[in-house]
Amino acid sequence: MTHTAGGPALPQERKIITAIPGPKSAELLARRNAAVSAGVSGMMPVFAVAAGDGVIVDVDGNSFIDMGAGIAVTNVGNAAPKVVEAVQQQVAAFTHTCFMVTPYSGYVEVCEQLNELTPGTHAKKSALFNSGAEAVENAVKVARAYTKRQAVVVFEHGYHGRTNMTMAMTAKNMPYKHSFGPFASEVYRVPVAYPFRDERSGAEVAAAAISRMDKEVGASNIAAIVIEPIQGEGGFIAPTAGFLPAIVEFAKANGIVFVADEIQTGFCRTGQWFACEHEGIVPDLITTAKGIAGGLPLAGLTGRAEIMDSVHAGGLGGTYGGNPIACAAAIASIETMKELDLNAKAKAIEELMMPRLKAMQSKFSVIGDVRGRGAMIALEMIKPGSMDPNPEVTSAVAKGCHAAGVVVLTAGTYGNVLRFLPALTMPHHLLAEALDEIEKQFSIATA
Ligand code: PLZ
């Protein structure tokens with residue numbers, strides 16, 4: 001099999017030259033189905049050989065417009081030049097020593113960057129892990145050790161991972177939790193202010209959530225409140241203004257560790273380094289992953305030094321956490337974000353997409369809501385004339401886009417959200433072409 005070089009040198013074009021899947025992908029699909037657990041889902045029926053900026057190229061030579069960035073991971077672009085170079089240098093120097101055994105500077109540098117870039121000017125410390133879920137698990141460990149309390153409060157529509165603790169914290173049953181219980185205890189779920197489906201003010205919904213915490217859990221039992229400042233898998237729900245500040249205030253007044261899960265929203269995705277910044281929120285702890293390392297597996301937990309240092313020595317760690325190759329990729333990714341001003345690029349993506357999507361909303365009554373910030377934008381679909389979720393049209397549009405060479409992702413508790421998470425280096429001509437295709441698929445699906 002010939003492998004095209006990835007990265008931005010790839011032609012930035014949509015080019016579909018075979019049926020989807022093409023013959024080579026079809027062959028791999030058969031092998032995949034024979035070898036890979038049926039529990040691992042597969043959205044696209046094609047196999048990648050190269051990717052860069054706005055495109056993914058498959059084994060049959062088809063070039064897809066990538067509106068998903070591997071679920072908000074390749075913010076700096078796929079196989080970004082600086083990341084490739086840093087990884088190549090690091091992999092040739094050493095691949096692993098285990099930071100807990102023989103430390104290396106890359107780990108320290110990533111922690112320094114996290115401490116500097118995350119919201120708040122207070123003294124911070126960090127620790128590194130392999131996946132988002134692992135970072136969230138460690139946020140809970142640290143908050144419990146610090147507060148000597150047990151309860152963890154999470155929100156409706158929240159998503160925090162697939163491990164046992166984070167399954168308990170994730171709201172949606174199918175596919176994440178179904179048949180996998182029992183789940184970790186001492187996890188409590190309260191309402192979130194969902195602007196499209198709840199007309200109450202952010203303060204009103206926060207008061208309801210706070211009352212639940214107070215009366216049902218007991219504020220003094222709560223170690224941590226964990227929330228995504230914009231809910232990702234839940235359908236790109238940015239809580240109604242005023243909701244988050246009220247929750248933060250309650251946490252502060254009651255000695256509760258406020259944890260922002262910025263695994264999907266972080267690293268320039270929303271046009272700020274972190275989505276908390278939109279409402280001036282300063283979390284006590286913040287979890288990061290995905291966009292941090294340009295596609296290499298790395299996650300971070302960052303927070304107030306006194307909280308992060310409250311754990312006994314040896315209490316945090318793992319064999320691979322902060323692997324040197326992943327750290328080299330993170331340092332290069334962060335450099336790229338600064339150099340290319342990816343916050344500005346995320347805002348430019350929003351400026352290009354929002355008016356087009358709003359125009360589509362006035363044309364197609366199935367589009368109930370257009371929302372998002374920066375390059376984290378979604379459409380929520382309804383049955384016309386009601387607020388009933390419309391997962392059917394959502395999945396029809398997504399499938400139509402896939403067959404036409406545009407990778408789009410779905411989301412939402414009701415499966416009725418189309419979400420767009422392009423690389424922040426996505427060329428605008430491809431963005432416009434993706435929007436044309438999405439519009440065409442709405443015409444077909446609603447004809
Ligand atoms: N917290 C806010 O978005 C991962 C999940 C994909 P991991 N979201 C993508 C899937 O179906 O598994 C996510 C997130 C938020 C935590 C996580 C978990 O991060 O790196 O997937 O463990």
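Atoms within each ligand, like the ligands themselves, are counted from 1 in listed order. What you are looking at is a predicted structure, and each value in this text was computed from that prediction instead of being measured.
In this structure, K252 is not positioned above the aromatic face of F258 in the sense of NZ or CZ being under 6.0 Å from the six-membered ring centre and within 45° of the axis.
Atoms of ligand 1 lying under 4.0 Å from at least one heavy atom of Q264, given by number and element, are 3 (O), 8 (N). Atoms of ligand 1 found under 4.0 Å from any heavy atom of I71, numbered from 1 in the order shown, are 6 (C), 9 (C). For ligand 1 and S131, the ligand atoms under 4.0 Å from any heavy atom of the residue are 20 (O), 22 (O). Close contacts between ligand 1 and A133 involve ligand atoms 7 (P), 18 (C), 19 (O), 22 (O) [criterion: under 4.0 Å to a heavy atom]. Of all atoms in ligand 1, listed by their number and element, those nearer than 4.0 Å to a heavy atom of E228 are 2 (C).
Every N/O-N/O distance between G161 and ligand 1 stays at or above 3.5 Å. Between Y176 and ligand 1, not a single N/O pair is under 3.5 Å apart.
With no hydrogens or angles considered, no side-chain donor-acceptor pair links T336 and S333 at under 3.5 Å.
The nearest protein heavy atom to atom 20 (O) of ligand 1 is closer than 4.0 Å.
Y159 and Y176 have their aromatic ring centers within a separation under 6.0 angstrom.
For the residues R162, E262, E233, the heavy atom positioned nearest atom 11 (O) of ligand 1 is part of R162.
Environment of NZ in K338: crowded, with over 12 heavy atoms of neighbouring residues, nucleotides or ligands closer than 6.0 Å. Other residues, nucleotides and ligands contribute more than 12 heavy atoms inside 6.0 Å of the NZ atom of K141. The local environment of NZ in K177 is crowded, with over 12 non-hydrogen atoms from other residues, nucleotides or ligands closer than 6.0 Å.
With respect to K82 and E339, a salt bridge is recorded, a charged nitrogen being found less than 4.0 Å from a carboxylate O.
Heavy atoms of H160 found under 4.0 angstrom from ligand 1 belong exclusively to the backbone.
With respect to atom 5 (C) of ligand 1, the closest heavy atom belonging to the protein is Y159 OH, 3.6 Å. Taking atom 9 (C) of ligand 1 as the reference point, the nearest protein heavy-atom neighbour is K290 NZ, 3.0 Å.
The residue from T425, T74, N78 that alone fulfils the side chain to side chain donor-acceptor pair (under 3.5 Å) condition with D53 is T425.
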